[in-house]
Amino acid sequence: MPLFAHTPVERMSEPYRRRWWALLVLCLSLLIVVMANTSLIVAAPAMTEDLRLSSSDLQWVIDGYTVPYAALMLVLGAIGDKYSRRGALVLGLLVFAGGSVMGSLVDETGLVIAARAVMGVGAAVVMPATLSLLVATFPKRERARAITAWTATSGLAIAVGPLLAGWLLEDHAWGSTFLINVPVAVVAVVGAFVLVPPSRARGMGRIDYVGGLLSIVSVGSLVYAIIEGPHFGWGTGPIAAALVAGAGFVAFTLWELRHPQPMLDVRKFALRPFSGSMIAVLFFFFGAFGSIYYATQYLQFVLGHDALETGVRLLPLAGAVFAGAAVTGKLTPKLGVKATIVPGMVIGTVSVFLLTQIDKGSSYADFVPSLLLLGFAIGLSVSPATDTIMGSFPESELGVGGGANDTSLELGGSLGIAVLGSLLSTAYQDELTGLAGGRLPQAALDAAKESVGGGLAVAERIAGSPDGGPQQARALVDAVHESFAHGVAHTSLVGGVIMAAGALIVLLVLPGRRSAGQGPEEAAAEPRKEDAKVG
């Protein structure tokens with residue numbers, strides 16, 4: 001057997017023998033793309049202190065990655081289909097690693113945001129390439145199992161990112177959290193050449209670059225509005241971005257309906273399996289990223305756990321994802337996608353509602369049931385949803401299919417952090433004003449209302465001030481903790497209602513199983529004609 005995989009998948013007469021090893025490389029590539037966001041959550045306090053980040057600065061350090069990542073996936077997935085899916089994977093990993101090195105070396109806010117943006121561009125190449133290579137490499141009978149492993153990797157990354165970042169932050173500066181990605185990316189690049197066979201779409205026509213440009217403008221503007229509006233107010237910028245996004249989506253739809261070879265055939269959204277699965281992925285990651293965002297802050301700022309301890313305490317979520325993935329692997333072929341996706345959404349909704357019981361006396365044990373249920377729900381439902389989405393695309397559009405799935409995922413995560421994060425901030429500020437408004441100077445109150453970390457910093461200054469003292473500082477700390485706990489409970493109520501609405505929509509949109517022998521691939525209206533050749 002040759003050292004390097006050089007025979008294209010399209011020329012193989014039987015399934016690729018090392019496909020499960022190839023899957024390991026794809027999952028490794030996915031791991032660092034997801035970890036890039038989750039590891040930053042625990043590194044944020046150290047970055048804020050060292051770089052003196054404002055709330056706006058920190059938001060854009062996080063979301064400088066998200067905007068190009070979400071906006072470019074569809075177009076870059078199509079380019080990978082056209083020229084080389086493995087080449088796209090390797091190029092994306094190299095760009096991602098380069099951005100990571102840059103982020104570890106710079107010490108200015110603008111440069112850190114720029115480094116995160118470069119990483120986002122790399123991730124936008126990697127993410128759809130992993131899915132398109134997976135579907136192209138595996139025969140249909142094994143594809144659901146492979147996608148289940150891919151999905152479980154996402155859950156693993158949610159917990160492993162904070163764990164590795166916390167371990168590094170014990171002895172190193174925040175820049176080290178960027179370097180987590182570099183050795184993994186290097187191993188994945190080597191593995192791609194050795195284990196992942198080349199693949200590209202056959203007979204694919206010219207890329208619809210006009211449609212691609214409209215998708216970039218539309219999604220990019222929407223994500224910008226989602227980030228800026230809820231956090232910093234609906235001023236001219238966010239409103240203009242929302243209007244551009246709306247007009248862009250209308251123009252994109254009209255263009256794609258008339259184009260002979262559209263970037264994304266928008267008629268697919270009329271297919272209930274496809275649209276229901278896309279909605280499910282969006283709502284799952286809305287709830288997952290939003291609740292993890294504020295649960296992590298509670299563990300760090302209220303319960304006082306350091307970065308490593310916080311990462312360890314998120315591990316139950318990863319374990320539950322694997323448990324859910326094992327269950328869905330057995331149930332979905334027998335019962336169909338609706339019978340796993342909808343119950344998973346209900347379980348995810350319950351996990352968010354459980355956090356409404358959080359108060360200032362809550363401990364880590366109060367978060368464990370929610371983490372376990374949320375992880376199990378992701379493992380149970382996201383895999384069949386992704387399988388159905390990818391099954392809706394022909395072989396020539398696998399990169400576009402991966403881009404569509406991942407755009408839904410990223411939009412859901414962005415909405416979760418932006419909307420639920422904004423609600424959390426507002427509830428925290430209102431409660432803190434009521435508890436401490438008459439006992440603090442206005443400047444100190446404004447600083448304390450900026451964030452829970454800001455409130456604790458004000459308390460620390462009061463403790464060392466001649467006009468304050470330990471007793472006043474302790475009173476403010478109690479008020480900050482109570483206000484943040486109130487914010488978590490209030491936000492979880494709203495988030496749970498939104499998740500419940502999402503579950504109801506998916507219940508109504510997804511069709512029931514058409515026959516006892518029909519699996520998720522057959523539920524999609526456009527099965528791939530090339531499967532027999534690809535497999």
Requested in this report: Report yes if some heavy atom in the side chain of Val321 is under 4.5 Å from a heavy atom in the side chain of Leu156; otherwise report no.
Outcome: no

**Report entry** Leu28/Ile32 under side chain to side chain contact (heavy atoms under 4.5 Å, CB included): CA gap, chis, key distance, verdict
**Finding:** CA-CA 7 Å; Leu28 203 60; Ile32 57 173; over 6 Å; no

**Report entry** Electrostatic pair Arg19:Glu142 at N-O distance under 4.0 angstrom
**Finding:** yes

Report task. Side-chain contact test, heavy atoms from C-beta onward, threshold under 4.5 Å: evaluate it for Val337 versus Pro273 and give yes or no. Result -> no

Requested in this report: State, with a plain yes or no, whether a side-chain heavy atom of Tyr224 is found less than 4.5 Å away from one of Asp63.
Outcome: no

Query raised in the report: Is it true that a side-chain atom of Asp81 and a backbone atom of Ala201 form a donor plus acceptor pair closer than 3.5 Å?
Result: no

Query raised in the report: With Thr328, which of Asp387, Val382, Leu380 fulfils side-chain contact (heavy atoms from CB on, under 4.5 Å)?
Result: Leu380

Query - Aromatic plane relationship, Phe178 with Trp174 - under 30° parallel, 30 to 60° tilted, over 60° perpendicular - result: perpendicular

Query raised in the report: For Phe249, does the CZ atom sit with more than 12 other heavy atoms under 6.0 Å from it, leaving out its own atoms?
Result: yes

Query raised in the report: Do Tyr65 and Trp60 have ring centroids that are under 6.0 Å from one another?
Result: no

Query raised in the report: Distance only, no hydrogens: is a donor on one side chain within 3.5 Å (strictly under) of an acceptor on the other, for Thr386 and Asn405?
Result: yes

Query raised in the report: Under the side chain to side chain donor-acceptor pair (under 3.5 Å) rule, what pairs show up with a residue in residues 181-201, not counting sequence neighbours?
Result: Glu10-Ser199, Arg85-Ser199, Ser100-Asn181

Report task. Measure from the side-chain N and O atoms of Ser132 to the backbone N and O of Leu398, and report whether any donor-acceptor pair falls under 3.5 Å. Result -> no

Query raised in the report: When you measure from the side chain of Ser221 to the backbone N and O of Ser218, does any donor-acceptor pair fall under 3.5 Å?
Result: no

Query raised in the report: Where the side chain of Ser215 meets the backbone of Gly212, is there a donor-acceptor pair that is under 3.5 Å apart?
Result: yes

Query raised in the report: Judged by atom type as modelled, is there a donor-acceptor pair below 3.5 Å linking the side chain of Ser104 to the main-chain atoms of Val101?
Result: yes

Query raised in the report: Checking Glu410 side chain against Ala70 main chain: does a donor-acceptor pair fall under 3.5 Å?
Result: no

Query raised in the report: Which heavy-atom pair separates Ala241 from Ala225 by the least distance, and what is that distance?
Result: CB-CB, 4.1 Å

**Report entry** Spacing of Thr253 atom OG1 and Arg267 atom CZ [to the nearest 0.5 Å]
**Finding:** 11.0 Å

Query - Worked check of side chain to side chain contact (heavy atoms under 4.5 Å, CB included) between Glu397 and Met390 - result: CA-CA 9 Å; Glu397 299 176 9; Met390 294 303 294; over 6 Å; no

Query raised in the report: Does a side-chain heavy-atom distance below 4.5 Å link Leu243 with Ile239?
Result: yes

Report task. Using the test side-chain hydrogen bond (donor to acceptor under 3.5 Å, both in side chains), find all partners of Arg86 that sit at least two apart in sequence or belong to another chain. Result -> none

Query raised in the report: When you measure from the side chain of Ser277 to the backbone N and O of Ile389, does any donor-acceptor pair fall under 3.5 Å?
Result: no

**Report entry** Backbone of Ala173 reached by a side-chain donor or acceptor of Ser176 within 3.5 Å
**Finding:** yes

**Report entry** Ring-ring centroid check Phe393 Phe274, cutoff 6.0 Å
**Finding:** yes

Report task. Enter the distance from Arg313:CZ to Gln300:CD here, rounded to the nearest 0.5 Å. Result -> 11.5 Å

Query raised in the report: Would you say Arg143's side chain and Thr137's backbone share a donor-acceptor pair under 3.5 angstrom?
Result: no

Requested in this report: Kindly indicate, with the supporting measurements, whether the criterion side chain to side chain contact (heavy atoms under 4.5 Å, CB included) is fulfilled by Val125 and Ile79.
Outcome: CA-CA 9 Å; Val125 186; Ile79 292 173; over 6 Å; no

Query - Nearest-0.5 Å distance that lies between atom OG in Ser408 and atom CG in Leu282 - result: 4.5 Å

Query raised in the report: Distance from Ile417 atom CD1 to Ser422 atom OG, nearest 0.5 Å?
Result: 13.0 Å

Query raised in the report: At their closest point, which heavy atom of Gly211 faces which heavy atom of Trp255, and how far apart are they?
Result: N-NE1, 3.6 Å

Query raised in the report: With a 4.5 Å heavy-atom cut-off, do Val196 and Arg18 have their side chains touching?
Result: no

**Report entry** Neighbour count >12 (heavy atoms, 6.0 Å) for atom CH2, Trp20
**Finding:** yes

Requested in this report: Provide the closest heavy-atom pair for Val9 versus Ala136 in the form atom of the first, atom of the second, distance.
Outcome: CG1-O, 3.1 Å

Query raised in the report: Does Tyr209 reach the main-chain N or O of Val75 with its side chain, forming a donor-acceptor pair under 3.5 Å?
Result: no

Query raised in the report: About how many Å separate CE of Met127 and CG of Asp406, when rounded to the nearest 0.5 Å?
Result: 4.0 Å

Query raised in the report: With a 4.5 Å limit on heavy-atom distance, are the side chains of Met119 and Tyr69 in contact?
Result: no

Query raised in the report: Is any side-chain heavy atom of Leu254 closer than 4.5 Å to a side-chain heavy atom of Arg258?
Result: no

**Report entry** Inter-residue atom distance Met499.CE - Phe284.CZ, 0.5 Å rounding
**Finding:** 6.0 Å

Requested in this report: Take Phe286 and Leu420, measure what side chain to side chain contact (heavy atoms under 4.5 Å, CB included) needs, and give me the verdict at the end.
Outcome: CA-CA 9 Å; Phe286 172 90; Leu420 298 184; 4.0 Å; yes

Report summary line: Correct closest heavy-atom pair for Leu89 and Ala192 would be CD2-CB, 4.2 Å

Query - Pairwise side-chain contact, Thr296 with Pro162, heavy-atom cut-off 4.5 Å (strictly under) - result: no

Query raised in the report: Where do Ala165 and Ser39 come nearest, in terms of heavy atoms and distance?
Result: CB-O, 3.6 Å

Report task. Please report the closest heavy-atom contact between Val160 and Met35, naming both atoms and the distance. Result -> CG1-SD, 3.8 Å

